[in-house]
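Heads up, the thing below is written out as structure tokens.
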2 protein chains.
Amino acid sequence: MPERATSSEKTREALIRAGLRLFGEKGFDGTSTREIAAAAGTNIASIAYHFRGKEGLQLACAEFITTAMGGVAYHAMGNLAGNPELSSREEARALLVKGVEMIVQFIAGRPEAAEIVQFVLRELMHPSPALDHIYSGLFEPVHVRLCQLWAAATGEPADSDEVKLTVFSLIGQVVYFRIAEAAIMRRMGWSETGSDQTRDIARTVIANLNAILDARMRSAR
Amino acid sequence: MPERATSSEKTREALIRAGLRLFGEKGFDGTSTREIAAAAGTNIASIAYHFRGKEGLQLACAEFITTAMGGVAYHAMGNLAGNPELSSREEARALLVKGVEMIVQFIAGRPEAAEIVQFVLRELMHPSPALDHIYSGLFEPVHVRLCQLWAAATGEPADSDEVKLTVFSLIGQVVYFRIAEAAIMRRMGWSETGSDQTRDIARTVIANLNAILDARMRSAR
DNA sequence: GTCTATAAACAGATAGAC
DNA sequence: GTCTATCTGTTTATAGAC
């Protein structure tokens, strides 16, 4: 692991970043290797050299996403793999709210996230071998962790269908604001999706989360 | 408007149905005109003849969607354009719940809806001229109607940002179950998305809707 | 209106010079 | 490792026979 990036590594990373952006924007089939090479400031042959071809680059992009997002998810929700121990329901609920808030900030707020979210969504809609990496490296661990937090906050079993589906519905809300951004901006009369808009979205999603949690707590009595 | 479909009209419709399915499944760029013609049981040249080319077919698919979905939406939520008059909050709430339930049944439940939903989502993610038809013919009127129902049920103003964003979040929940179907099935251990699964999804979404409505009613006091 | 044949452009992959 | 030139197959669009 050299500290200074070699020329080879720079080209490799530039190709991944270009692939991520273009695959996310226009899809795998909609993007030509010529475009990717041009965006990365290199030549077409380097894609075959570094990744064995266009599909190899797609896979490398998926690996990049799981690595990069793992760090974000860790910050948002604590250890993904272990320690489901939480001292109190209140603490778990606070962590859940904070986690969802950070997910909104990332998915709906950060412009760089658009390409990542779109890349993942395209994989979900039209699975390729790259989806396996994303599922086991990102999708499942994040979902499991959110279910743990939900269970700790409500007392419901973390592996019940009810909890799992509710957590999916939470994620779905957030993701939709990024997918349908074009239409939502038009309907809301927004000219951009800046920090004001992200705040409004976060407020809506958190209000929903609290409403659903409260309803569950009441019905559990 | 002839009562019996002519040969020309049959070919036209077959091309639209094939285009809808294939564009939805694999995207516009991922689908070749050869595939579409083969799926429609006709030849490549007929696409140019009937629709001026591949893009023209895409536009015709969007028009087909707005027309076909208009009927579904009408059944689910009453007149889209006019009569926002509703006699009581309870009636409005019942109509809202029923409307969302039918949207779930359609979007998440009916297999034929998968291609339509995916077609629309692809347009949202990567807008083409076809998005304009879908936005003004389907997306906006449905959203406006849901906001009217929400306003009538809660007393909140139908054109407030809060109501509009909350309605978006409701739609997002439902849509996500269709987008992420592959990953959700894996996480839930489902081998298919049949009526049992659709019922569970509907139950989750309706429970969320009721929780959010209840929270709003309480805070309004 | 339908269909075959073909044109013109473009795709991804690769050989070989440097 | 990088890059140019090129190979091979596929794409959309279209001309013209029927």
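Keep in mind the model is a prediction, meaning the values are calculated, not measured. Per chain, numbering begins at 1; letters A, B, ... match sequence-line order.
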Taking atom [atom2] of [N] as reference, at what distance in whole Å does atom [atom1] of [X] sit?
X     : N      : atom1 : atom2 : answer
B/I36 : C/dC3  : CD1   : C1'   : 18 Å
A/I47 : D/dC3  : CD1   : P     : 12 Å
B/N43 : D/dA15 : CG    : P     : 16 Å
B/L57 : D/dA13 : CG    : P     : 10 Å
B/D29 : D/dT10 : CG    : C1'   : 14 Å
B/L15 : D/dA13 : CG    : P     : 13 Å
A/I44 : C/dC10 : CD1   : P     : 13 Å
B/Y49 : C/dC3  : OH    : P     : 12 Å

For A/E35 and for A/A48, locate the closest nucleotide of DNA chain C by heavy-atom distance; then report the residue assigned to the nucleotide nearer the 5' terminus.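 Going by which nucleotide is closer to the 5' end, it is A/E35.
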Are any of [X]'s side-chain N or O atoms less than 4.0 Å away from OP1 or OP2 of [N]?
X     : N     : result
B/S7  : C/dG1 : no
B/T42 : C/dC3 : yes
A/T11 : D/dT2 : yes

Any chance you could measure A/W190, atom CH2, to A/E181, atom CD, to the nearest 0.5 Å?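 So the gap between those two atoms works out to 9.0 Å.
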Gap between atom CD1 of A/I36 and atom CD1 of A/I16 - 0.5 Å precision: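 Rounded to the nearest 0.5 Å, the CD1-CD1 separation comes to 11.5 Å.
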Can you confirm whether the side chains of B/E162 and A/T204 place a donor and an acceptor under 3.5 Å from each other?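 Their side chains do not contain a donor-acceptor pair, so the 3.5 Å distance test is not met.
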NA contact type, B/S46, heavy-atom cut-off 4.0 Å: base, sugar-phosphate, or nothing?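 The answer is nothing, as B/S46 stays clear of every strand by at least 4.0 Å.
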5'-most contact on DNA chain D: A/H50 or A/R34, nearest heavy atom basis?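 It is A/H50 whose nearest nucleotide is closer to the 5' end.
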Listed nucleotide nearest any side-chain atom of B/S32, set D/dT11, C/dT4, D/dC3: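 In terms of side-chain proximity for B/S32, the closest of D/dT11, C/dT4, D/dC3 is D/dT11.
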Among the nucleotides C/dT14, D/dT2, D/dT14, which one has an atom lying closest to any side-chain atom of B/A45?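 Looking only at side-chain atoms, B/A45 lies closest to D/dT14.
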What is the ring orientation for A/F23 with A/F28, classed by angle as parallel under 30°, tilted 30 to 60°, or perpendicular over 60°? tilted
Should the ring pair B/F168 and A/Y176 be called parallel, tilted or perpendicular, given that the plane angle runs from 0 to 90° and is split at 30 and 60?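 It falls in the tilted class, 30° to 60°.
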